[in-house]
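Just so it is clear, the values below take in all heavy atoms, side chains as well, and ignore hydrogens, waters and symmetry mates.
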Amino acid sequence: MMQDGAEELEYVGFWLRVLASLVDTLLLCLVLAPVIWLLARGGGETSRMAESGDGWMMQAFMLQGGFELSPLASLLINWILPAAAVLAFWWFRSSTPGKMLLGARIVDAKTGAPMTPMQAALRYLGYFVSCFPFLLGLIWVGLDARKQGWHDKIAGTVVVRAKRLGKQPVRFEQQA
């Protein structure tokens with residue numbers, strides 16, 4: 001039974017979370033592509049192609065992996081910026097753009113309160129644990145009654161949204 005004014009929620013399942021992840025990945029690629037292009041223009045064959053005006057040739061060259069980024073630029077683009085973006089969205093919005101599109105948010109599994117910075121960090125690191133054994137920790141979302149992946153279990157979080165027809169509502173152990 002819900003308290004007056006309390007929102008009735010449901011857990012967000014595997015396929016909706018896959019969709020949200022695809023949206024997030026696409027947006028991240030759109031944001032990082034110009035950064036990668038600018039960094040790659042700075043050296044070697046790509047720079048000569050850009051100066052010669054063969055833009056289509058440079059694009060084909062880059063698509064074939066014919067450019068290199070410095071180790072620092074690679075670290076920044078592949079690890080630091082994506083982690084910072086995800087953690088910032090989790091901290092300030094309790095969600096990523098893909099989850100926002102679905103009306104979903106990440107909350108503490110016991111209280112339904114927004115996750116803490118420690119939970120956000122544990123959840124992010126938990127993705128690595130979830131991926132190692134053949135993505136089993138991510139697939140677990142589809143098998144678990146509360147739709148928690150291993151990263152959610154590690155951090156003590158669940159992904160919820162406003163209840164739709166016919167879905168089992170979320171119940172928290174404590175009130176936030």
Open item on the list: Are Thr157 and Met115 packed together at the side-chain level, in the sense that at least one heavy-atom pair is separated by less than 4.5 angstrom?
Closed with: yes
- [ ] Write down the atom of Trp90, the atom of Thr96, and the distance for their closest heavy-atom approach.
- [x] NE1-CG2, 3.5 Å
Task: In one Ile/Leu/Val/Met/Phe/Trp/Tyr side-chain cluster, 4.5 Å: Trp150, Leu143 - done: yes
TODO: Considering non-hydrogen atoms only, spot the tightest contact between Trp140 and Gly149 and give its length.
DONE: CB-CA, 4.4 Å
Task: Results of salt bridge (Lys or Arg N to Asp or Glu O under 4.0 Å) for Lys153 - residues two or more places apart only - done: Asp144
Task: Spacing of OG belonging to Ser21 relative to CZ belonging to Phe14, to within rounding of 0.5 Å - done: 9.5 Å
Open item on the list: Checking Leu101 now: which residues fulfil side chain to side chain contact (heavy atoms under 4.5 Å, CB included) with it, not counting sequence neighbours?
Closed with: Val23
Task: Test item: Ser95 side-chain N/O and Ala104 main-chain N/O as donor-acceptor pair under 3.5 Å - done: yes
Task: Shortest non-hydrogen contact between Val107 and Val160, atoms and distance - done: CG2-CG2, 3.9 Å
Task: Interatomic distance, His151 atom NE2 to Leu138 atom CG [nearest 0.5 angstrom] - done: 6.0 Å
Open item on the list: Count I, L, V, M, F, W, Y as connected when their side-chain heavy atoms are under 4.5 Å apart, and connections chain through other members. Are Ile154 and Tyr124 then in the same cluster?
Closed with: no
Open item on the list: Can you confirm whether Met100 sits close enough to Phe89 that some side-chain heavy atom of one is under 4.5 Å from a side-chain heavy atom of the other?
Closed with: yes
Task: From CD1 (Ile77) to CG (Leu81), nearest 0.5 Å - done: 7.0 Å
Open item on the list: Strictly distance-based, threshold 3.5 Å: is any side-chain N or O of Glu10 a donor or acceptor partner for the main-chain N or O of Arg164?
Closed with: yes
TODO: Would you kindly confirm whether Ile106 and Val141 end up in one hydrophobic cluster when ILVMFWY residues are joined by side chain heavy atoms under 4.5 Å apart?
DONE: no
Task: Expected output: side-chain Glu173 to main-chain Lys110 donor-acceptor under 3.5 Å - done: no
Task: Heavy-atom side-chain proximity of Leu9 to Arg161 below 4.5 angstrom - done: no
Open item on the list: Hydrophobic clustering (ILVMFWY, side-chain heavy atoms < 4.5 Å, transitive) - are Val35 and Leu28 grouped together?
Closed with: yes
Open item on the list: Show the nearest heavy-atom pair for residues Ala20 and Leu102, with the distance to one decimal.
Closed with: CB-CD1, 3.8 Å
Open item on the list: Please report the interatomic distance CG(Leu122) to OH(Tyr127), rounded to the nearest 0.5 Å.
Closed with: 13.0 Å
Task: For Ala109 against Val158, the heavy-atom pair lying closest together - done: CB-CG1, 3.9 Å
TODO: Could you pull out the closest heavy-atom pair between Pro114 and Ser94, with the gap in Å?
DONE: CB-OG, 3.8 Å
Task: Asp152: which of Lys147, Arg146, Arg123 passes salt bridge (charged side-chain N to carboxylate O under 4.0 Å, His left out) - done: Arg123
TODO: Group every Ile, Leu, Val, Met, Phe, Trp and Tyr by side-chain heavy-atom contacts under 4.5 Å, then state whether Ile80 and Leu87 land in the same group.
DONE: yes
Open item on the list: Tell me every residue that passes side chain to side chain contact (heavy atoms under 4.5 Å, CB included) with Ala73, counting only those two or more places apart in sequence or in another chain.
Closed with: Leu39, Leu69, Ser70
